[in-house]
Amino acid sequence: MKRFLYHFEPKKGWMNDPNGLIEFQGQYHAFFQHNPYDIKWGPMHWGHAVSKDLVHWEELPVALKPEEEYEDGGGCFSGSAIEKDGKLYLFYTSVSKRLGQTQSVAVSEDGIHFEKYKGNPVIAQVPADGSADFRDPKVSLIDGVYYMVVGSSFEGRGRVLLYRSESLYEWDYIGVLYESEDYYDAVECPDFFQMGDTYVLMYSKIGFPTYATQFITGDFDGKKFFPKVYSTPEAGPQFYAAQTFGAKDGRRILIGWLYDWKMVPDQTADFAGALSIPRELSLKDGKVCCFPVKEAQSLLASYQGKDGEVLDVLWDEKAVEVFVNKGEHSFSYWLKN
């Protein structure tokens, strides 16, 4: 089975959602949902890879293993990373038989070895206006405040729940940041961040075979989000669970899962799943555009569309990513195993 040249995939085992994307101590870090024992979803670990150029990745040892009682019901699910006082904090959904889906944290000084907080889970109960689907904590520093968004649902409406903290260990529930009846199962992998004076909410839509990554731009008063413009630039069937991070040069960079739940891995393979090429986000009339980072643009082949569109195509062994008009639209497709 061929390996990608420019897209990260694990040496062995299954991978899905990118987690904990961050630039820390001179390297880009991409953690990911990982079952090191099989080429299908199983007990969730956090795999770990690093890069200096966002194109070539080195896989490191597993960062988080499901070894605690509060992780005995599925493992260490998706989450995020943030740096505070020179330390790297990983926030993740810990899933136990007794408590269900809760939120926990692990801390590192070197970005490689992590110690789980003895007070985990830091959020041990679902709020009254959430559900048993309570996962994928994304922590961001916005206007000098640490906020966490968590995906959930309530009475047939997908919801994004909002928390805030000063210490990163104690979290106060603020309320429902956003909800929609269009996504009844739950909202997954929410992300909330600033781009200039604009606030951006992003999340993944369960069960949508295409256009599964939703962006909404709007205003935020510290408690409530006021949506203005909706956009779904990525149309491909093999793109899900995207997450962003703020690079130290000011760019907002996004990486998604380049695979999908319906795909059947080649049973002779040792690995399954990959990461999309990293993309830089920009805004055009309130809509989000996603285009490969400058480090990857030499890999693109450019074409002129019949209606005047500019098409940039990235081919890589088993998949293709197509970008229209510098990322106004994109399409990610897995060609073969």
Without placing hydrogens or testing angles, list every side-chain donor-acceptor pair under 3.5 Å for residues 293-300, not counting sequence neighbours.
from, atom 1, to, atom 2, distance (Å)
Glu295, OE1, Arg251, NH1, 3.0
Glu295, OE2, Arg251, NH2, 2.9
Gln297, NE2, Pro292, O, 3.0

Check whether Met148 and Val126 end up in the same hydrophobic cluster, where Ile, Leu, Val, Met, Phe, Trp and Tyr are linked by side-chain heavy atoms less than 4.5 Å apart.
yes
Run the salt-bridge test on Glu9 and Lys2 with the 4.0 Å N-O cut-off and return the result as yes or no.
no
Any donor-acceptor pair under 3.5 Å linking the side chain of Arg135 with the backbone of Thr102?
no
Side-chain donor or acceptor of Ser108 paired with backbone N/O of Phe114 under 3.5 Å
no
How long is the gap from SG on Cys290 to NZ on Lys326, to the nearest 0.5 Å?
14.5 Å
Donor-acceptor pair, distance only, cut-off 3.5 Å: does the side chain of Gln243 make one with the backbone of Gly20?
yes
If you count the non-hydrogen atoms of other residues, nucleotides and ligands that lie under 6.0 Å from NZ in Lys248, is the total more than 12?
yes
Can a donor-acceptor pair be found between the side chains of Thr213 and Glu234 at a distance below 3.5 Å?
no
Quiz item: cation-pi between Arg252 and Phe193, 6.0 Å / 45°:
yes
Flag yes if more than 12 heavy atoms outside Phe271 fall under 6.0 Å of its CZ atom; otherwise flag no.
yes
Cluster question for you: counting only ILVMFWY and a side-chain heavy-atom cut-off of under 4.5 Å, with indirect links fine, are Trp257 and Ile39 together?
no
Salt bridge (charged side-chain N to carboxylate O under 4.0 Å, His left out) contacts touching residues 43-67 (sequence neighbours left out):
none
Lys284, NZ: over 12 other non-hydrogen atoms inside 6.0 angstrom
no
Which pair of non-hydrogen atoms, one from Ser204 and one from Ala241, has the smallest distance, and what is that distance?
OG-N, 3.2 Å
What pair of heavy atoms forms the shortest contact from Pro66 to Gly75, and how long is it?
CB-CA, 3.5 Å
Taking the six-membered ring where the residue is Trp, are the ring centres of Phe31 and Tyr92 under 6.0 Å apart?
no
Ignoring hydrogens and angles, tell me if any N or O in the side chain of Thr198 forms a donor-acceptor pair with the backbone of Thr217 under 3.5 Å.
no
Mind running side-chain contact (heavy atoms from CB on, under 4.5 Å) on Phe220 and Leu177 for me, showing each step along the way?
CA-CA 9 Å; Phe220 178 60; Leu177 182 70; 3.8 Å; yes
Results of salt bridge (charged side-chain N to carboxylate O under 4.0 Å, His left out) for Glu115 - residues two or more places apart only:
Lys118
Is it the case that the side chain of Ser332 and the backbone of Gly236 share a donor-acceptor pair, with hydrogens and angles ignored and the cut-off at 3.5 Å?
no
Without hydrogens or angle criteria, can the side chains of Gln238 and Asp260 be said to hold a donor-acceptor pair below 3.5 Å?
yes
Side chains of Gln101 and Asp133: do they bring a donor and an acceptor to under 3.5 Å?
no
Heavy-atom pair with the smallest gap, counting every atom of Phe215 and Met202:
CE2-SD, 3.3 Å
Side chain of His34, backbone of Trp14: donor and acceptor closer than 3.5 Å?
yes
Output, in order, the C-alpha distance, side-chain angles, deciding distance and verdict of ring pair (Phe, Tyr, Trp, His ring centres under 6.0 Å) for Tyr169 and Tyr117.
CA-CA 9 Å; Tyr169 294 110; Tyr117 176 49; 4.4 Å; yes
Under the criterion salt bridge (Lys or Arg N to Asp or Glu O under 4.0 Å), I'd like the reasoning laid out for Glu69 against Lys97: C-alpha separation, chi angles, the key distance, then a yes or no.
CA-CA 9 Å; Glu69 183 181 357; Lys97 298 174 182 176; over 6 Å; no
If you measure from NE2 on His113 to CG on Leu88, what distance do you get to the nearest 0.5 Å?
13.0 Å
Looking at every heavy atom in both Thr244 and Leu21, which two are closest together, and how far apart are they?
N-CD1, 4.5 Å
Is it true that the side chains of Asp17 and Ser78 contain a donor and an acceptor less than 3.5 Å apart?
yes
Using a 3.5 Å distance criterion without hydrogens, assess whether the side chain of Ser80 forms a donor-acceptor pair with backbone atoms of Val139.
yes
Starting from the C-alpha separation in whole Å, work towards a yes-or-no answer on ring pair (Phe, Tyr, Trp, His ring centres under 6.0 Å) for Tyr240 and Phe208.
CA-CA 10 Å; Tyr240 193 73; Phe208 279 58; 9.6 Å; no
Would you say that Val320 contacts Val313 through its side chain, given a criterion of any heavy-atom pair below 4.5 Å between the two side chains?
yes
Can you give each donor-acceptor pair under 3.5 Å made by side-chain atoms of residues 302-309, sequence neighbours left out, with the distance rounded to 0.1 Å?
from, atom 1, to, atom 2, distance (Å)
Ser302, OG, Asp312, OD1, 2.5
Gln304, NE2, Gly308, O, 3.0
Glu309, OE1, Asp307, N, 3.3

By ring-ring contact (aromatic ring centres under 6.0 Å, His included), Tyr6 pairs with (sequence neighbours left out) none
Between the CD atom in Gln33 and the CH2 atom in Trp46, the distance rounded to the nearest 0.5 Å is 7.5 Å
Is Val160 reachable from Ile142 through a run of hydrophobic residues whose side-chain heavy atoms are each under 4.5 Å from the next?
yes
Looking at Trp334 versus Tyr259, is the centre-to-centre ring distance below 6.0 Å?
yes
Could you tell me whether Gln27 atom CD has more than 12 heavy atoms of other residues or ligands within 6.0 Å of it?
yes
Rounded to the nearest 0.5 Å, what separation is found between the CZ atom of Phe239 and the CD1 atom of Ile255?
9.5 Å
Flag the pair Lys138 and Asp191 as a salt bridge only when some basic side-chain nitrogen lies within less than 4.0 angstrom of an acidic carboxylate oxygen.
yes
Any donor-acceptor N/O pair, Ser140 side chain to Tyr147 backbone, under 3.5 Å
no
When you check the gap from the basic side-chain N to the acidic O, do Glu179 and Arg157 get nearer than 4.0 Å?
yes
Can you confirm if the aromatic rings of Phe91 and Tyr146 lie within a centre distance of less than 6.0 Å?
no
If you compare all heavy atoms of Pro137 against all heavy atoms of Thr93, which two are closest, and at what distance to 0.1 Å?
CD-OG1, 3.2 Å
If I compare all heavy atoms of His29 with all of Gly111, which pair ends up nearest, and what's the gap?
CE1-O, 3.7 Å
Check Glu321, Lys318, Glu317 against His7 for a side chain to side chain donor-acceptor pair (under 3.5 Å) and give me the one that passes.
Glu321
Does any pair with a residue in residues 204-229 pass salt bridge (charged side-chain N to carboxylate O under 4.0 Å, His left out), and if so which ones, sequence neighbours excluded?
Asp219-Lys228
Could you go step by step and tell me if Arg279 and Phe291 meet the side-chain contact (heavy atoms from CB on, under 4.5 Å) rule?
CA-CA 5 Å; Arg279 307 173 181 185; Phe291 195 68; 5.9 Å; no
Ring centres under 6.0 Å, that's the criterion: do Phe225 and Phe192 meet it?
yes
Just how far is it from atom CH2 of Trp261 to atom CD1 of Ile206, taken to the nearest 0.5 Å?
10.5 Å
Test item: Asn120 side-chain N/O and Val105 main-chain N/O as donor-acceptor pair under 3.5 Å
yes
Which word best sums up how the rings of Trp41 and Phe77 line up, parallel for under 30°, tilted for 30 to 60°, or perpendicular for over 60°?
perpendicular
